[in-house]
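This report refers to the structure that appears directly beneath it.
First listed ligand is number 1; within each ligand, the first listed atom is number 1.
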Amino acid sequence: MRFRDTLSGEVKEFTPIAEGRVNIFVCGPTVYDYIQLGNARTFVFFDMFVKYLRAIGYEVFYLQNITDLDDKTLTRAKEEKKEWDEVSNFYYKAYLDDCKSLDIDSVSHHARATLYLEEIKSQILRLIKLGYAYASSDGVYFDTSKFRDYGKLSKQNLDQIIMGARVEIRASKKNPQDFVLWKLADDKPNWNSPWGSGRPGWHIEDTAITEHFFGPEYDVHGGGTDLIFPHHEAEIAQMRSISGSKFLSKYWIHGAFLNFKGEKMSKSTGNVVKVRDLVKSSPGSAVRYFLLNSNYSSEMLYTDEVFQSSVEGWKRLQKAFSIANSFHKCTEECRIEKDSADIIAFMDDDLKTREIIASLHDIASEIFKGKVAEKQMITYVHKFRFANKFLGIFSEQATNLGQIMGPLLQVRKELREMGLYKESDMIRSKLKDAGIVIEDKSGETTWSIGG
Ligand code: AMP
């Protein structure tokens, strides 16, 4: 399998550190507000990626941090006249609910940053001891001049980084581009430390968490492109300075932005469509379809019109899947991967979900022509099912219905053969009330959702 690795800037062959096992870390949300569709783009993509790795046989540990304390948490707590942890508990739970609505369920462990204070302090102590960090009047800083590779991930030289850092020059820093590891703070919440009471910096929480779970190196680090600099650059500097390793993460994957009204969708600017609002009117699987119908490295745009037209595309595939599913003859043991070589090939060539969806639409066109032989139809079912293992774009409802519609249509057929048309019509009409349409054509009966 190959995908785009940010550090090398190349589409690279994937070979995990330990054969058959993948340790992946993805930056989770800062829980001071509901997640928006841009966040969902990143989280759905990595959910899909991990599910694919599992579908092709890897054992995957998917770790995600939760930033449960940030200046924005404190501002929100003040606004809402609540304690900071009431705010983060509330939005953390809301995040989990939103993930559920989008069928994001592949994360092995969510690690809340404030539960890792000892690990954070231990990293800062080691960085100071090794000469990579220094205590100053308002906190502890990482000395970027000591880390030669600073800027490599974001492809910037020192001058560019310094230019970018000028806005927040502080006398307490040795170099303008140095970043904070520990912020001294008298106000709550704060924790004791050898450098005085305070709070951790943002970047150090992630390396403290990943070192705790994975050690100094792991396979894949992911997030949106906004995190490349300074966040991920800082993570590399911190962990590699401690470990002396050649890398922190062997591969870096960054998902491109979802844009809205001419800029990146962002909760901090309020330019958002909240996931919980969108799933009120459209199923989570339709939202996944929309987000995965663009490849991860291309920016995409949300407008109500674009989304509604995407829902029409989703309905089309849903209908084709429902028809194909009524031919489903195979039990869980049957090797659906065998019939899905083209889908695997798209995934293995830089995770091309858009091309997979296009190929499923081609199949849908064949199905709607109505002349697909049964053997071919079963191959199609296998493709749909395999793709759905990681795309998650067909609703569970349709998948489960596939198991019961076959026997139900058989009962209806037998009723008709016995001349019990009133009873067989009642089945048709009750199904129609439930949104399932039956069609009798050339001696065959097919069903679909929504007609
Ligand atoms: P945050 O809660 O802002 O730290 O973001 C959580 C995750 O969502 C990070 O990986 C971000 O890179 C990602 N993210 C935020 N906004 C967008 C967007 N508009 N498009 C894609 N990913 C985003």
Residue part near ligand 1, for Asn39, under 4.0 Å between non-hydrogen atoms: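 Under 4.0 Å from ligand 1, Asn39 contributes backbone and side-chain atoms.
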With backbone taken as N, CA, C and O and side chain as the heavy atoms from C-beta onward, which portion of Phe43 lies under 4.0 Å from ligand 1: side chain, backbone, both, or neither? side chain
Among Ala256, Gly38, Gly224, Ser266, which one puts a heavy atom closest to atom 23 (C) of ligand 1?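 It is Gly38 that holds the nearest heavy atom.
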What protein heavy atom sits nearest [atom], and how far away is it?
| atom | value |
| --- | --- |
| atom 4 (O) of ligand 1 | Thr30 OG1, 3.4 Å |
| atom 12 (O) of ligand 1 | Asp226 OD1, 2.5 Å |
| atom 20 (N) of ligand 1 | Leu258 N, 2.9 Å |
| atom 13 (C) of ligand 1 | Thr42 OG1, 3.6 Å |

Tell me whether ligand 1 is touched by Lys267 - counting only heavy atoms on the residue side and a distance under 4.0 Å.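 Per 4.0 Å heavy-atom rule, Lys267 contacts ligand 1.
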Does Glu86 have more than 12 heavy atoms from other residues, nucleotides or ligands lying within 6.0 Å of its CD?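 Enclosed.
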Would you say the side-chain atoms of [X] pair up with the backbone N or O of [Y], donor to acceptor, closer than 3.5 Å?
| X | Y | answer |
| --- | --- | --- |
| Thr42 | Gly223 | no |
| Asn271 | Phe260 | yes |
| Tyr92 | Arg112 | no |

Between Arg276 and Asp98, is there a salt bridge with N-O shorter than 4.0 Å? yes
With a cut-off of 4.0 Å, which atoms of ligand 1 are near a heavy atom of [X]?
| X | answer |
| --- | --- |
| Leu227 | 9 (C), 10 (O), 12 (O) |
| Gln36 | 15 (C), 16 (N) |
| Gly223 | 10 (O) |
| Met265 | 16 (N), 17 (C), 18 (C), 19 (N) |

Evaluate the criterion salt bridge (charged side-chain N to carboxylate O under 4.0 Å, His left out) for residue pair Asp97 and Lys100; output intermediate values, then yes/no. CA-CA 5 Å; Asp97 290 343; Lys100 205 164 171 203; over 6 Å; no
Using salt bridge (Lys or Arg N to Asp or Glu O under 4.0 Å) as the criterion, point out the one residue from Asp70, Asp187, Asp186, Asp71 that pairs with Arg199.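 Among Asp70, Asp187, Asp186, Asp71, the one that satisfies the salt bridge (Lys or Arg N to Asp or Glu O under 4.0 Å) with Arg199 is Asp187.
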Quick check: closest heavy atoms across Tyr218 and His221, and the distance to 0.1 Å? OH-CD2, 2.9 Å
